[in-house]
Student: 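The structure under discussion is supplied below as structure tokens; questions concerning it will follow.
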Amino acid sequence: MMFGELILNNENKRTTTTNSVLTIDCGTRGIRGIIFDDLGNELEKCEQLFKGYYSNQFQWKEAPPAMFWNALIEVVQMLKQKNPILFQTIKGMTVSCQRDVITVVDEQGVPLRDFISWLDRRELAEALSYPLPYTLLFKAIGFSDFAKSFSKTAHVNWIKVHEPQIWEKTSKVIFLSTFFLIKLTGKIADSRSDTAGHLPFDTKKKEWCGRYGVKTQILQVEPEKYYELTDSCEIIGQLTPDAAQLMGLPEGLPIVASGTDKGCETVGVGALTPEIASVSLGTQSTVEISTKKYVELYPFYPSFAAVENDAYNPEVTIYHGFWMVDWYINEFLDHLQTDAIHPYLEQILTETTAGADGLIHQPYWGREAFRPEAKGSFIGFSEGHTKKHIYRAIIEGLGYALLEGLELIERKTKIPIQAVGLSGGGSRSNGVAQIMADIFNRPVYRVQTFETTGLGAAMATFVGLGRYQTIEEASQAMIRKAQVFEPNPENVMKYTGIYNKIYKLLYRRVKPLYQLYE
């Protein structure tokens, strides 16, 4: 693959380049098409929000495949219309997606049902049964309750039980990223880094589990229903004639395998060693590191396969992260114009003080993997509190929960985390970034673009095209720290007291009350 020279205009801005790639970032709320050059510059971007989610029952969340595919086509077409000269310089393409969005397909890769979102909370009435030796093994190692919970909440098991006719016709079980790659290349294949969700995948070996593997007993997918696995940072296929015509891209364009949205975010903020953590302040908030050593933060809970093929991403997840900000906006700020909302939220953080005048938030609004009974809660209300304090407490509660994750990662790796790279929608706020620095008591930073998933995916694409030999080499050329937030000592002292004396004790004290809801 040959790469050309940059062409700059009189204002020292890039007008065209032969060193560009197209990344597709498919999140929960929408999809973005972003063009990056080989220096990590975001050259052009278009976005489409999803409008086809539906719920047939309480806490279900599904979407038709066409919603995702049509949105991808539209953002690519918008990019071409917006900057046709730049569009012609695209040398490769990749797709990075939200995790654990699942469906099943026939032998041609055509979906047999709509996608079930990771936000969907359906579950089986009873766990699937497994052979007696496994029952005895799980009981002996204290794994029985977790195995039953995992089995009941796995969407693939739900399809198998409640839609047996569809399951009988199923050739492969796939994730959303796999679906896009099928549509783009015609191949039913995906990267090991994209294989992150409720399927029987051995993340330590980065291979599908065997027929007699423990995960295969819990997530009961027959091996013939597994899709083909490839490495990240490799060309997985070429753009088909049909897809090329729909999007206006050249037939045969190399499609490179990258990784999940969280995996690419971690690469995109430069968190390539255990000393640097990646904190994603998105719909689902996470803290994770990259390590060449396989680490399990919780018993039986694997690390994810990283975009770097010899690395792993141990992760702690807050399932309803900055989704709670959307909830706050919908419930308290529906009177404001859209363009006034975020400046108002930023103003709230300047008008309120660290600790929200005693209001403390525990952000377990989703089904946390290891606290399945937990609920969201606020404690410490007094007559002086307003909706502004609620917003600040939401942000601070997420910070405390993420700090718990940082500390867990440090305990397991025995390597101190020295700095934190921020990504996700919440990272756009200076006020939020400063609160995170104060709660973590570590410098936090943003890189040159907020589109860190797209940047990490672009790095993988340039490696796949041969522009760089490794992700590390690509990071040195493509990542720049744009802003660093240092901890405020006064706020650090206050947050440390709240975290140690109240927050860390809160879950254990109220857990019996949460269990009454079951």
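Residues: numbered from 1 along the sequence shown. Note that the structure is predicted; figures quoted are calculated from it, not measured.
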Student: How close do W60 and D120 get, heavy atom to heavy atom, and via which atoms?
Tutor: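 Answer, listing the atom of W60 first, then D120: CA-OD2, 3.1 Å.
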Student: So, E42 and R32, do they make that salt bridge, N to O below 4.0 Å?
Tutor: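 No, no charged N to carboxylate O under 4.0 Å.
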Student: Looking only at non-hydrogen atoms, find the nearest pair between Y364 and E404 and report the distance.
Tutor: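 Closest heavy-atom pair between Y364 and E404: OH-OE1, 3.3 Å.
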Student: I need the I318 CD1 to T286 OG1 distance, nearest 0.5 Å.
Tutor: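 Between atom CD1 of I318 and atom OG1 of T286 there are 9.0 Å.
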Student: Is any side-chain heavy atom of T266 closer than 4.5 Å to one of S290?
Tutor: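 In contact.
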Student: Which label fits F150 and F146: parallel for a plane angle under 30°, tilted from 30 to 60°, or perpendicular past 60°?
Tutor: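 Geometry flag for F146 against F150: parallel rings.
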Student: So do the side chains of F115 and L176 get within less than 4.5 Å of each other, counting heavy atoms only?
Tutor: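 They are in contact (side-chain heavy atoms under 4.5 Å apart), so the answer is yes.
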Student: Give a yes-or-no answer on whether the side chains of D231 and S191 include a donor-acceptor pair shorter than 3.5 Å.
Tutor: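 Checked: D231/S191 side chains show no N/O donor-acceptor pair below 3.5 Å.
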Student: Find out whether I479 and M459 are in side-chain contact, i.e. whether some heavy atom of one side chain is under 4.5 Å from a heavy atom of the other.
Tutor: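 SC-SC contact between I479 and M459 confirmed.
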Student: May I ask you to check if K504 and Y400 form a cation-pi contact, with NZ or CZ under 6.0 angstrom from the six-membered ring centre and within 45° of the axis?
Tutor: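 Here K504 fails the 6.0 Å and 45° test against Y400.
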Student: Assign the ring pair W118 / Y319 to parallel, tilted or perpendicular, where the plane angle (0 to 90°) is split at 30° and 60°.
Tutor: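 Taking Y319 first and then W118, their aromatic rings sit tilted (interplane angle of 30° to 60°).
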Student: With the threshold set at 4.0 Å, does a side-chain nitrogen-carboxylate oxygen contact exist between E315 and K262?
Tutor: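 No.
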Student: Quick check on the 6.0 Å ring-centre criterion: do F381 and H389 meet it?
Tutor: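 Ring centres of H389 and F381 not closer than 6.0 Å.
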Student: Between D438 and Q434, is any side-chain donor less than 3.5 angstrom from a side-chain acceptor?
Tutor: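 There is such a pair between these side chains.
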Student: With rounding to the nearest 0.5 Å, note down the distance linking NZ in K388 to CD1 in I348.
Tutor: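 If we round to the nearest 0.5 Å, K388:NZ and I348:CD1 are 6.5 Å apart.
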Student: To check you understand the geometry: which heavy-atom pair defines the closest contact between S423 and V269, and what is its length?
Tutor: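 Closest approach of S423 to V269: CB-CG1, 4.1 Å.
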Student: To the nearest 0.5 Å, what is the distance between CD on E472 and CD on E308?
Tutor: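 CD of E308 is found 7.5 Å from CD of E472.
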Student: Do NZ/NE/NH1/NH2 and the carboxylate oxygens of E47 and R29 come within less than 4.0 Å?
Tutor: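 Answer for the salt bridge query: no.
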Student: Please examine the side chains of M67 and Y53, heavy atoms only from C-beta on, and report whether any two atoms are closer than 4.5 Å.
Tutor: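 Yes. Closest side-chain heavy atoms under 4.5 Å.
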Student: With rounding to the nearest 0.5 angstrom, report the CD to CG distance, Q59 to L119.
Tutor: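 Spacing of CD (Q59) from CG (L119) equals 10.5 Å.
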Student: Please report the shortest heavy-atom distance between H361 and Y503, naming the atom on each side.
Tutor: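 Scanning both residues, the minimum pair turns out to be O-CE1, 3.5 Å.
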Student: Going by heavy atoms in the side chains, are Y495 and E396 under 4.5 Å from each other?
Tutor: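 Side-chain contact under 4.5 Å: yes.
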Student: Step by step, work out the side-chain contact (heavy atoms from CB on, under 4.5 Å) result for T203 and Y294.
Tutor: CA-CA 9 Å; T203 55; Y294 181 77; 3.7 Å; yes
Student: Using a 4.5 Å cut-off on heavy atoms from C-beta on, say whether the side chain of S177 contacts that of T260.
Tutor: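 When only atoms from C-beta onward are counted, S177 and T260 do not touch, as no gap falls below 4.5 Å.
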Student: Between the side chains of D261 and T453, does any donor sit under 3.5 Å from an acceptor?
Tutor: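 No donor-acceptor contact under 3.5 Å links the two side chains.
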Student: Please determine whether side-chain contact (heavy atoms from CB on, under 4.5 Å) holds for the pair N330 and D334, giving the CA-CA distance in whole Å, both sets of side-chain angles, and the decisive distance to 0.1 Å.
Tutor: CA-CA 5 Å; N330 291 333; D334 59 341; over 6 Å; no
Student: Identify the two heavy atoms, one from F180 and one from C97, that lie closest to each other, and give their separation to 0.1 Å.
Tutor: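 Heavy atoms only, the tightest pair is CD1-SG, 3.5 Å.
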Student: Between Q362 and Y507, is there a side-chain donor-acceptor contact under 3.5 Å, judged purely by atom types and distance?
Tutor: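 Side-chain D/A pair, Y507 to Q362: absent.
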Student: Indicate whether the side chain of D357 and that of H385 have a donor and an acceptor atom separated by less than 3.5 Å.
Tutor: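 No pair is found: no donor N or O on one side chain lies under 3.5 Å from an acceptor on the other.
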Student: Working note: L345 + L349, criterion side-chain contact (heavy atoms from CB on, under 4.5 Å); need CA distance, chi angles, decisive distance, verdict.
Tutor: CA-CA 7 Å; L345 293 176; L349 298 182; over 6 Å; no
Student: Check whether any side-chain heavy atom of F322 sits under 4.5 Å from a side-chain heavy atom of I395, and report yes or no.
Tutor: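 F322 vs I395: side chains touch.
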Student: Determine whether the aromatic ring centres of Y328 and F332 lie less than 6.0 Å apart.
Tutor: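 Ring-ring flag for Y328/F332: true, centres closer than 6.0 Å.
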Student: Run the salt-bridge test on R192 and E207 with the 4.0 Å N-O cut-off and return the result as yes or no.
Tutor: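 Judged by the 4.0 Å cut-off on N to carboxylate O distance, R192 and E207 do form a salt bridge.
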Student: Check for me whether the distance between the ring centres of F50 and F68 falls short of 6.0 Å.
Tutor: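 That pair passes the under 6.0 Å test.
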Student: For a 4.5 angstrom cut-off between non-hydrogen side-chain atoms, does Y499 reach E407?
Tutor: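 Yes - at least one pair of side-chain heavy atoms lies under 4.5 Å apart.
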Student: Quick check on N430: does its CG atom have over 12 non-hydrogen neighbours (other residues, nucleotides or ligands) under 6.0 Å away?
Tutor: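 Yes, the 6.0 Å shell around CG holds more than 12 heavy atoms from other groups.
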Student: Just one of E486, E410, E275 clears the salt bridge (Lys or Arg N to Asp or Glu O under 4.0 Å) bar with R442, so which one?
Tutor: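 Exactly one candidate clears the test, E410.
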